[in-house]
Number of protein chains: 2
Amino acid sequence: MESVICTVDVVLLTLRAGSLQVALYMRDKAPFQGAWALPGGYVHVEADEDAEQAAARVLHEKTGIVSPYLEQLATFSGRARDPRGWSVSISYYALVPVKVIEQAERSDLKLVGVEQLKSLPFDHLQIIHAALERVRSKSTYSSLPVYLCNEQFTLPQLQTVYETLLNEPINKVSFRRKMDELGILEPVIGAVETGKANRPAQYYRVKAQFRHTLSQSGRGLNPGS
Amino acid sequence: MESVICTVDVVLLTLRAGSLQVALYMRDKAPFQGAWALPGGYVHVEADEDAEQAAARVLHEKTGIVSPYLEQLATFSGRARDPRGWSVSISYYALVPVKVIEQAERSDLKLVGVEQLKSLPFDHLQIIHAALERVRSKSTYSSLPVYLCNEQFTLPQLQTVYETLLNEPINKVSFRRKMDELGILEPVIGAVETGKANRPAQYYRVKAQFRHTLSQSGRGLNPGS
DNA sequence: CAAATAGTGTCTATAAGACATTATTGG
DNA sequence: CCAATAATGTCTTATAGACACTATTTG
């Protein structure tokens with residue numbers, strides 16, 4: 001039995017300038033050396049306990065970033081997707097606030113709006129599309145998008161994040177009702193967003209008990225108004 | 001770089017005697033020879049175009065079954081899950097009506113109620129639990145459960161399938177309203193379920209246009225009544 | 001015609017959306 | 001005081017569930 005090439009890839013997503021962007025890494029080795037692609041690499045059976053740890057290691061090595069949210073997306077495989085031979089890519093996706101990527105200051109890393117993507121090596125375009133579908137789907141019924149926000153954020157900011165992801169307006173009253181029902185946010189006492197010529201918005205943060213176990217919920221968030 | 005063991009496993013589910021059951025295969029090779037486990041095997045880079053085809057091939061070889069519905073579940077990986085070494089299991093799940101399994105007549109295959117499962121080789125128990133979670137989750141908002149029915153079925157039968165999967169009663173009026181809205185079923189003209197001392201139930205089937213592209217939908221099916 | 005369950009009409013309860021009003025800031 | 005938008009109250013609409021009633025069969 002021939003050997004299978006076993007790799008991991010990470011779709012690192014963030015929100016910048018009101019658009020959803022994906023981090024691309026300039027490949028320093030063949031194949032596709034010099035091309036922009038998803039940060040990815042071989043599973044190291046000596047170093048990695050499992051594929052998720054491999055993804056976290058690869059993400060850190062290629063971008064300097066440690067993402068609190070890293071979830072398996074799907075596995076892409078086959079004879080045709082990699083010129084080196086029959087390969088498996090166990091793919092993950094991660095969400096971080098844009099400042100985490102900017103602070104990394106990697107010249108071999110760039111952010112591209114997901115609408116601007118043209119062609120990419122391997123089947124990375126397909127992987128990214130799968131990640132977008134997953135994130136958008138999960139955003140309709142979960143608190144996943146808070147991973148795109150800084151530690152403190154206002155409800156209007158968070159609503160804009162949801163609206164950008166889902167690409168449709170959300171009813172303000174319903175949104176705030178839903179966030180209240182989820183019960184995962186708490187106001188930061190005394191912290192308000194000042195400087196604008198209007199009533200200041202209250203800052204919120206994720207309650208400590210949910211800080212590392214977010215995601216799911218009961219019913220959904222729906223567009224409207 | 002050491003090599004990774006690359007396998008596929010299939011969680012084949014069916015409904016028998018009102019309980020959700022999983023097909024187990026008696027392993028004919030080490031490790032765990034003679035133990036009941038998920039049907040699974042190596043990816044064959046010569047024969048398989050991709051992992052899904054490998055899963056379909058393995059399912060057919062070990063059970064004689066070809067499942068119309070076969071979807072990737074998740075990939076399980078790591079150093080500890082297989083005594084042979086660092087391994088990857090790209091796992092799939094399939095749903096078939098029980099008669100498909102019975103007609104296969106394999107003595108090395110058995111059905112076990114998902115509540116009766118004790119311990120299994122590898123991390124197969126974990127894989128099955130992930131499949132159950134996925135199927136139950138999808139059943140709340142999709143037509144997935146029709147894959148557990150025969151080609152023709154009555155609405156009361158289909159409702160019972162949903163109720164068994166979700167393990168809770170469903171409001172009859174809401175259920176039928178939802179099935180009507182989904183628009184994927186059509187009555188089989190003239191076909192009714194006779195023999196019982198009550199009004200006969202109309203037989204339905206999946207419309208031809210949806211026969212090989214089922215699954216998703218708009219809003220959900222909720223318990224009640 | 002009695003028992004059983006399929007199938008449907010309709011009222012009630014709950015959740016989501018529309019809209020309006022008040023609150024609080026900077027200039 | 002005006003413009004801007006945060007925050008909230010409340011009415012309307014849409015969806016889900018409860019319940020009852022009719023339909024059709026077997027024995």
Side-chain angles (χ1 to χ4, degrees), chain A residues 18 139-143 149-150 152-164 166-183 185-205 216-225, chain B residues 18 139-143 149-150 152-164 166-183 185-205 216-225:
Chain A
S139 296
T140 63
Y141 63 89
S142 83
S143 56
C149 293
N150 292 323
Q152 294 189 14
F153 48 86
T154 69
L155 288 183
Q157 283 169 4
L158 183 60
Q159 181 171 349
T160 300
V161 170
Y162 273 88
E163 288 174 335
T164 303
L166 301 176
N167 199 34
E168 54 190 6
I170 298 174
N171 180 287
K172 182 169 62 161
V173 178
S174 299
F175 179 78
R176 299 173 84 102
R177 238 185 332 229
K178 191 57 63 182
M179 284 301 137
D180 187 49
E181 285 165 14
L182 286 182
L185 303 183
E186 63 184 6
V188 183
I189 308 299
V192 290
E193 182 192 39
T194 55
K196 294 201 293 182
N198 53 38
R199 175 172 174 177
Q202 173 68 50
Y203 274 116
Y204 286 80
R205 67 181 165 215
Q216 56 127 36
S217 100
R219 288 217 170 62
L221 265 163
N222 297 302
S225 190
Chain B
S139 296
T140 62
Y141 63 88
S142 84
S143 57
C149 293
N150 292 324
Q152 295 190 11
F153 48 86
T154 69
L155 289 181
Q157 282 169 3
L158 183 60
Q159 181 170 349
T160 301
V161 169
Y162 273 88
E163 289 174 336
T164 303
L166 301 175
N167 201 33
E168 54 190 5
I170 297 175
N171 181 286
K172 181 172 59 162
V173 178
S174 300
F175 179 79
R176 299 173 83 102
R177 233 181 343 225
K178 189 58 64 181
M179 284 300 136
D180 187 49
E181 285 165 14
L182 286 183
L185 303 184
E186 63 184 6
V188 182
I189 309 299
V192 289
E193 182 193 38
T194 55
K196 294 202 291 182
N198 54 39
R199 175 173 175 176
Q202 174 67 50
Y203 273 116
Y204 287 80
R205 67 180 165 216
Q216 56 129 29
S217 101
R219 287 220 168 61
L221 266 162
N222 296 301
S225 189

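Labels below follow one simple rule: chain letters A, B, ... track the order of the sequence lines, proteins then strands, and each chain is numbered from 1.
- Taking only side-chain atoms of B/V173, from C-beta outward, the nucleotide of C/dG9, D/dT10, C/dA6 with the closest atom is C/dG9.
- By the side chain to side chain donor-acceptor pair (under 3.5 Å) test, A/Q202 is found to be paired with no residue, residues two or more places apart in sequence or in another chain being considered.
- Whole-Å rounding puts the A/K172 NZ to D/dT8 P distance at 10 Å.
- Listed by first then second residue, pairs satisfying salt bridge (Lys or Arg N to Asp or Glu O under 4.0 Å) with a partner in residues 188-203 of chain B number zero, not counting sequence neighbours.
- Residues of residues 195-205 of chain B having a heavy atom closer than 4.0 Å to DNA chain D, listed by number: B/K196, B/A197, B/N198, B/R199, B/P200.
- With sequence neighbours excluded, the residues forming a side-chain contact (heavy atoms from CB on, under 4.5 Å) with A/V188 are A/Q152, A/A191, A/Y203, A/R205, listed by chain and number.
- Following rounding to the nearest Å, A/F153 (CZ) and D/dA6 (P) show an atom-to-atom distance of 15 Å.
- Residues forming a side-chain contact (heavy atoms from CB on, under 4.5 Å) with B/V173 (at least two apart in sequence, or on another chain): B/N171, B/R177.
- Remark: of the listed residues B/T160, B/L166, B/V161, B/T160 is the sole one forming a side-chain contact (heavy atoms from CB on, under 4.5 Å) with B/T164.
- Atom CD of B/Q159 is separated from atom P of C/dA6 by 9 Å (rounded to the nearest Å).
- Regarding A/Q157, its CD atom lies at a distance of 12 Å from the C1' atom of D/dA6, rounded to whole Å.
- Between B/Y141 atom OH and D/dT15 atom C1' the separation is 20 Å, expressed in whole Å.
- Rounded to whole Å, atom P of C/dA23 lies 15 Å from atom CZ of A/R176.
- Among C/dA16, D/dA6, C/dG9, the nucleotide with an atom closest to any side-chain atom of A/S174 is C/dA16.
- Atom CD in B/E163 sits roughly 14 Å away from atom C1' in D/dG17 (whole-Å rounding).
- In this structure a side-chain-to-backbone donor-acceptor pair under 3.5 Å is missing from A/E168 to A/E163.
- Checked against the 6.0 Å centroid threshold, B/Y204 and B/F153 do not count as a close aromatic pair.
- Spacing between atom CG of B/N171 and atom P of C/dT14 amounts to 14 Å, rounded to whole angstrom units.
- Between A/R177 and B/L155, the residue anchored closer to the 5' end of DNA chain C is B/L155, taking for each the nucleotide with the nearest heavy atom.
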